[in-house]
J.: 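Next up is a structure, given as structure tokens.
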Amino acid sequence: MDLRIFTEPQQGADYDTLLTVARATEELGFDAFFRSDHYLSMGSADGLPGPTDAWITLAGLARETKRIRLGTLMTAGTFRLPGVLAIQVAQVDRMSGGRVELGLGAGWFEEEHKAYGIPFPKERFGRLEEQLAIITGLWETEVGKTFDHDGEYYRLTDSPALPKPAQRRIPVLIGGHGASRTPRLAARYADEFNIPFASVGDSERQFGRVRAAAEAAGRPSDDLVYSNALVVCVGRDEAEVARRAAAIGRDVDELRANGLAGSPAEVVDKLGRYAAIGSSRVYLQVLDLEDLDHLELISSQVQSQLG
């Protein structure tokens, strides 16, 4: 099972902090560094010193890391026009030497749109479907040919469909809990399906829906990677677990129930339960970005046992 580090910078992190975590991610042998795409903090966090842009951050990290994959869970479709996003992601992919992955979602946090003057359209899922068609279509268009799209929400005419990514195909991640439209969209466009903050049982049911949608679309269900995103809180003993839970304002019992919390052995056991239902990749939501010892512990006593 791949373990990836997943950060929430809108809660309070500048670029230097994210760079430090990304370098630790690389040095400690994790597979990838991912970040959210938000402009406003949530809950009681003050968000200081203020938001960082996801793709500007990843462009910087592309030049300052060598091995790890880089991406978003999830880029908000409401933040960027699809043609512009295709250019941005392709450029960062080239800057990284072909290590970028694009998680794309419809956008949901209305308050951050109001805070920064970003339109928050009512019909976001239909827009997301067109965005996926446009972005993948632009990347797949042969050099020297043009791309056109005449949709309900977007129109592109005679686009040169440049630049091209370094990778032949940038992996596209789609995720969520929706029972019908989300699996259908994943079956059509995704290389990976991710379900965030879900139990083993709920994950198994949603993976089943995506598998069925893929087969209905004439695609082998095993053609997709199936993954989870879960908050992580590991300690060498109960006192360390409690200290780390308190640092992120969470209850230990709640974290054990809904995330990956407890001793390394407990976390390895729970990861095994996710692996048993087909999850081959887990995004560890790390909320205290100053606690690099936490990453070292996970690397040495959890990741080392996963093979």
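Computed from a predicted structure; not experimentally measured.
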J.: Give the C-alpha distance, both sets of side-chain angles, the deciding distance and a yes or no for side chain to side chain donor-acceptor pair (under 3.5 Å) between Arg209 and Gln206.
T.: CA-CA 5 Å; Arg209 295 184 188 110; Gln206 187 69 335; 2.7 Å; yes
J.: For Asp148 and Asp158, indicate whether the former's side chain and the latter's backbone hold a donor-acceptor pair under 3.5 Å.
T.: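 At least one qualifying donor-acceptor pair exists.
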J.: Restricting to ring pair (Phe, Tyr, Trp, His ring centres under 6.0 Å), what partner residues turn up for Tyr15, sequence neighbours left out?
T.: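 Counting only residues at least two positions away or on another chain, Tyr15 forms no ring pair (Phe, Tyr, Trp, His ring centres under 6.0 Å).
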J.: Apply side-chain contact (heavy atoms from CB on, under 4.5 Å) to Ser41 and list each qualifying residue two or more places apart in sequence or on a separate chain.
T.: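 Ser41 satisfies side-chain contact (heavy atoms from CB on, under 4.5 Å) with Gln11, Ala45 only.
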J.: In plain terms, say whether Glu142 and Lys145 are close enough for a salt bridge, that is, a side-chain N and a carboxylate O under 4.0 Å apart.
T.: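 A salt bridge links Glu142 with Lys145.
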J.: Compare every heavy atom of Ser221 with every heavy atom of Glu215, then report the nearest pair and how far apart it is.
T.: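 It is OE2-OG, 3.3 Å.
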J.: For the atom pair OG1 (Thr25) and CZ (Phe34), what is the distance rounded to the nearest 0.5 Å?
T.: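 Taking OG1 in Thr25 and CZ in Phe34, the distance rounds to 11.5 Å.
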J.: Do the charged groups of Arg244 and Asp291 touch, with an N to O distance under 4.0 Å?
T.: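 Result for this pair is yes, salt bridge flagged.
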J.: Which Ile, Leu, Val, Met, Phe, Trp or Tyr residues join Met95 in one cluster when any pair of side-chain heavy atoms under 4.5 Å counts as a link?
T.: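 Met95 clusters with nothing; isolated.
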J.: Sorted by first residue and then second, give each salt bridge (Lys or Arg N to Asp or Glu O under 4.0 Å) pair with at least one member in residues 29-46; sequence neighbours left out.
T.: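 Every pair satisfying salt bridge (Lys or Arg N to Asp or Glu O under 4.0 Å) with a residue in residues 29-46: Arg4-Asp31, Asp37-Arg80.
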J.: Counting distance only, does the side-chain N/O of Thr72 pair as donor-acceptor with the main-chain N or O of Gly103 below 3.5 Å?
T.: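 At least one qualifying donor-acceptor pair exists.
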J.: Look at Asp288 together with Arg250 and state whether they make a salt bridge at an N to O cut-off of under 4.0 Å.
T.: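 So Asp288 does not pair with Arg250 through a salt bridge.
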J.: Nearest 0.5 Å, what's the CG-CD distance between Leu173 and Glu192?
T.: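 The CD atom of Glu192 is 4.0 Å from CG of Leu173, to the nearest 0.5 Å.
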J.: Atom CD1 of Ile87 and atom OG of Ser159: how far apart are they, to the nearest 0.5 Å?
T.: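 OG of Ser159 is found 7.5 Å from CD1 of Ile87.
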J.: Is the closest side-chain heavy-atom distance between Ser96 and Asp93 below 4.5 Å?
T.: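 Sidechains of Asp93 and Ser96: in contact.
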J.: Starting from Leu255 and following side-chain heavy-atom contacts under 4.5 Å between hydrophobic residues (I, L, V, M, F, W, Y), which residues can be reached?
T.: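 Once heavy-atom contacts under 4.5 Å are chained together, Leu255 belongs with Val231, Ile248, Leu287.
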J.: With a 4.5 Å heavy-atom cut-off, do Pro49 and Asp14 have their side chains touching?
T.: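 Sidechains of Asp14 and Pro49: in contact.
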J.: Applying side chain to side chain donor-acceptor pair (under 3.5 Å) as the test, list every pair that has at least one member in residues 173-187; sequence neighbours left out.
T.: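 Applying side chain to side chain donor-acceptor pair (under 3.5 Å) to every pair that reaches into residues 173-187, excluding sequence neighbours, yields Glu129-Arg184.
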J.: Could you tell me which residues satisfy ring pair (Phe, Tyr, Trp, His ring centres under 6.0 Å) with Tyr189, sequence neighbours excluded, listed by chain and number?
T.: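 Applying ring pair (Phe, Tyr, Trp, His ring centres under 6.0 Å) to Tyr189 gives none.
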J.: Look at the side chain of Gln301 and the backbone N and O of Leu297, then say whether any donor-acceptor pair between them is shorter than 3.5 Å.
T.: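 It does not hold such a pair.
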J.: Filter on ring pair (Phe, Tyr, Trp, His ring centres under 6.0 Å), then keep only pairs touching residues 40-77, sequence neighbours left out; what's left?
T.: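 For residues 40-77: none.
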J.: To the nearest 0.5 Å, what is the distance between CZ on Phe193 and OG on Ser203?
T.: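 Rounded to the nearest 0.5 Å, the CZ-OG separation comes to 9.0 Å.
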J.: Minimum heavy-atom separation for Ile135 to Pro82, with atom names?
T.: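 It is CG1-O, 3.5 Å.
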J.: Under a single-linkage rule joining Ile, Leu, Val, Met, Phe, Trp and Tyr whose side-chain heavy atoms are separated by less than 4.5 Å, which residues share a cluster with Val84?
T.: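 Answer for Val84: Leu81, Ile134, Leu138, Phe147, Tyr153, Tyr154, Leu156.
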J.: Do Ser280 and Val225 have side-chain heavy atoms sitting under 4.5 Å apart?
T.: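 Counting from C-beta outward, Ser280 and Val225 do come under 4.5 Å.
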J.: Thr141 side chain to Ala161 main-chain N or O, any donor-acceptor pair under 3.5 Å?
T.: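 No.
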J.: Short question: side chain of Arg205, backbone of Val200 - any donor-acceptor pair under 3.5 Å?
T.: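 No, Arg205 side chain to Val200 backbone: no donor-acceptor pair under 3.5 Å.
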J.: To the nearest 0.5 Å, how far apart are CZ in Phe33 and CZ in Arg23?
T.: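 With rounding to 0.5 Å, CZ (Phe33) is 12.0 Å from CZ (Arg23).
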J.: Per the ring pair (Phe, Tyr, Trp, His ring centres under 6.0 Å) rule, what does the pair list look like for residues 245-273, sequence neighbours excluded?
T.: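 Matches after skipping sequence neighbours: none remain.
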J.: Using modelled atom types only, decide if a donor and an acceptor are shared between the side chain of Glu123 and the backbone of Gly126 within a distance under 3.5 Å.
T.: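 Here the side-chain-to-backbone pair exists.
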J.: Would Leu104 and Met74 satisfy side-chain contact (heavy atoms from CB on, under 4.5 Å), going step by step from the backbone distance to the final call?
T.: CA-CA 5 Å; Leu104 185 61; Met74 300 284 186; 5.8 Å; no
J.: Taking only residues at least two apart or on different chains, which pairs with a member in residues 166-177 satisfy salt bridge (Lys or Arg N to Asp or Glu O under 4.0 Å)?
T.: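 Only Glu140-Arg169, Arg169-Asp191 qualify under salt bridge (Lys or Arg N to Asp or Glu O under 4.0 Å).
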J.: Just say parallel, tilted or perpendicular for the rings of Phe79 and His113, cut-offs at 30° and 60°.
T.: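 Answer is tilted, since the angle falls between 30° and 60°.
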J.: Using only heavy-atom distances, determine whether the side chains of Asn228 and Ser279 contain a donor-acceptor pair under 3.5 Å.
T.: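 On atom types as modelled, these side chains qualify, holding a pair under 3.5 Å.
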J.: Decide, yes or no, whether a salt bridge links Glu238 with Arg256 under the criterion of side-chain N to carboxylate O below 4.0 Å.
T.: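 The answer is yes: the pair qualifies as a salt bridge.
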J.: Is there side-chain contact between Ser36 and Glu8, with heavy atoms separated by less than 4.5 Å?
T.: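 In short, these two side chains touch, coming nearer than 4.5 Å.
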J.: Once rounded to the nearest 0.5 Å, what's the spacing between atom CD of Gln10 and atom OH of Tyr39?
T.: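 Spacing of CD (Gln10) from OH (Tyr39) equals 11.5 Å.
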J.: Would you check, one step at a time, whether the test side-chain contact (heavy atoms from CB on, under 4.5 Å) holds for Gln285 with Leu230?
T.: CA-CA 6 Å; Gln285 186 195 45; Leu230 295 162; over 6 Å; no
J.: Output yes when Glu26 and Lys66 qualify as a salt bridge under the 4.0 Å nitrogen-oxygen rule, no when they do not.
T.: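 Lys66 and Glu26: not salt-bridged.
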J.: If only atom types and distance count, is the side chain of Arg219 paired as donor or acceptor with the main-chain N or O of Ala187 below 3.5 Å?
T.: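 A pair under 3.5 Å: yes.
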J.: Which atom pair, heavy atoms only, marks the closest approach of Ala214 to Pro220?
T.: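 In this case the closest contact between Ala214 and Pro220 is CB-O, 4.5 Å.
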J.: Mind checking what makes salt bridge (charged side-chain N to carboxylate O under 4.0 Å, His left out) contact with Asp222, not counting sequence neighbours?
T.: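 By the salt bridge (charged side-chain N to carboxylate O under 4.0 Å, His left out) rule, Asp222 matches Arg211.
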J.: Keeping Thr136 on the side-chain end and Leu132 on the backbone end, is there a donor-acceptor pair under 3.5 Å?
T.: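 Yes; judged by distance alone, with no hydrogens or angles, the pair exists.
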